[in-house]
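This report concerns only the one structure given below.
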Amino acid sequence: MLLSIMAAVWPSPAPTVSERWHAWPVARVFPDSVPGSSPSGARVTYVLAGVAPEAPCRRAFQPAAVGPGCRTALRATYADSTGTFVVTVGIAVLDSRPPTQALAPATDPGAGLTDGSGLTDESADGLTDGSADGFTAGFAAGTAPDPEAVFVAGPTAGLGTVSVAAPTAGLGAVFADAGRPATVRPVAFPGGAAEGFGDRQYFTGVVVDSDERYVVATAAGYADGRAYRPGDGALVRLRHAARQLATVLHQALTR
């Protein structure tokens, strides 16, 4: 009885940012639904298809996506409300960040987020992100004007060919292929849009990093289960979904 009274008077302190991944309930780390928007501004809801068991980093991420010091990995897969796209979100929990991996502070107040192409949001519309297959290591970090800047890391600029997008009948703009980025490994869940989602089905993704002990990565593909082939492009909306989910869930953990 006394302990109950003391707990009510002196509630437990909120967990530190670095402890949230296991102190928070699963439904807070991976909500049942995540509100978002399409590139045109239309409302979109990303609906949780399932949460995977905790896994070793080497099993959950491709080698070049996360550096040393990764303790464990959490993954979940979402489908957009139209049932067109599926996105696996992976959270790499870092024990610490080695000094060689420390991210530089933001120096350009007007800089936008990058997606691995070395281009800002404003200039990247109609351009690809990602590196060549083989997942070449190396990072080109972008900056944001916020003091709690979110960095979106990707393969070193120049490794992939940047191409202008072209419209496809009924689909909207398509990003020409520059190879798929190193990212989280997709997770399929039976009985829904993510049933056929795997390593062969992801087309694009992003990796969101900061000075906190989390790296959040996404792998995005199509709910119809189509497999990626070298040279295939990705819809603008697919790339947008990958970036939006990675950014939103990263911010939820770190802010």
Side-chain angles (χ1 to χ4, degrees), residues 25-53 55 60-62 65 73-91 115 121 124-126 128-130 152 165-177 180-181 183-208 216-252:
V26 172
R28 187 169 180 182
V29 178
F30 294 119
D32 287 341
S33 62
V34 177
S37 62
S38 71
S40 64
R43 291 183 181 179
V44 174
T45 301
Y46 302 105
V47 181
L48 183 68
V51 178
F61 287 86
Q62 293 159 354
L74 313 175
R75 289 181 295 171
T77 299
Y78 287 83
D80 79 310
S81 48
T82 69
T84 306
F85 308 125
V86 288
V87 183
T88 291
V89 183
I91 299 172
D115 56 17
D121 284 341
D125 287 343
T128 60
D129 55 66
V152 181
T168 298
L171 294 178
V174 176
F175 285 118
D177 177 63
R180 299 184 296 173
T183 187
V184 64
R185 297 187 186 279
V187 183
F189 291 92
E195 188 166 26
F197 195 38
D199 286 344
R200 295 178 61 240
Q201 282 73 36
Y202 92 91
F203 278 64
T204 188
V206 297
V207 179
V208 181
V216 179
T218 51
Y222 299 93
D224 61 12
R226 74 186 73 171
Y228 171 85
R229 297 171 302 175
D232 283 348
L235 285 176
V236 174
R237 288 179 293 159
L238 181 64
R239 177 173 169 271
H240 183 81
R243 177 184 294 187
Q244 193 164 69
L245 272 168
T247 303
V248 168
L249 294 189
H250 184 274
Q251 289 178 347

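All values below come from the heavy atoms of this structure, side chains included, with hydrogens, waters and symmetry mates left out.
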Ile91 and Val29: CA distance, side-chain angles, deciding distance, side-chain contact (heavy atoms from CB on, under 4.5 Å) verdict: CA-CA 9 Å; Ile91 299 172; Val29 178; 3.6 Å; yes
Exam field: side chain Gln244 to backbone Gly36, donor-acceptor pair closer than 3.5 Å: no
Nearest non-hydrogen partners of Ala65 and Val207, listed with the distance: O-CG1, 4.1 Å
Side-chain donor/acceptor of Asp80 to backbone N/O of Tyr46, under 3.5 Å: no
Ser33-Thr45 side chain donor-acceptor pair, cut-off 3.5 Å: no
Minimum heavy-atom distance between Pro39 and Val236, given as atom pair plus value: CG-CG1, 4.0 Å
Heavy-atom pair with the smallest gap, counting every atom of Glu195 and Pro190: CG-CA, 3.9 Å
Thr218 side-chain N/O to Ala242 backbone N/O, donor-acceptor pair under 3.5 Å: yes
Option from Val187, Val86, Val87 for which side chain to side chain contact (heavy atoms under 4.5 Å, CB included) with Phe197 holds: Val86
Closest non-hydrogen atom pair, Pro186 against Gly198: CG-O, 3.4 Å
Phe85 CZ to Thr204 OG1 distance, which is reported to the nearest 0.5 Å: 11.5 Å
Side-chain donor/acceptor of His240 to backbone N/O of Ser37, under 3.5 Å: yes
From CA spacing to verdict: side-chain contact (heavy atoms from CB on, under 4.5 Å), Thr77, Val89: CA-CA 6 Å; Thr77 299; Val89 183; over 6 Å; no
Over all atoms of both residues, closest heavy-atom pair of Phe203 and Ala227: CZ-O, 3.9 Å
Phe61 six-ring centre to Arg185 NZ/CZ under 6.0 Å and within 45° of normal: no
Any donor-acceptor N/O pair, Gln201 side chain to Tyr222 backbone, under 3.5 Å: no
Arg180 side chain vs Tyr202 backbone, donor-acceptor pair below 3.5 Å: yes
Heavy-atom pair with the smallest gap, counting every atom of Ala217 and Val184: O-CG1, 3.7 Å
Test log, rule side-chain contact (heavy atoms from CB on, under 4.5 Å), inputs Val206 and Thr183: CA-CA 7 Å; Val206 297; Thr183 187; over 6 Å; no
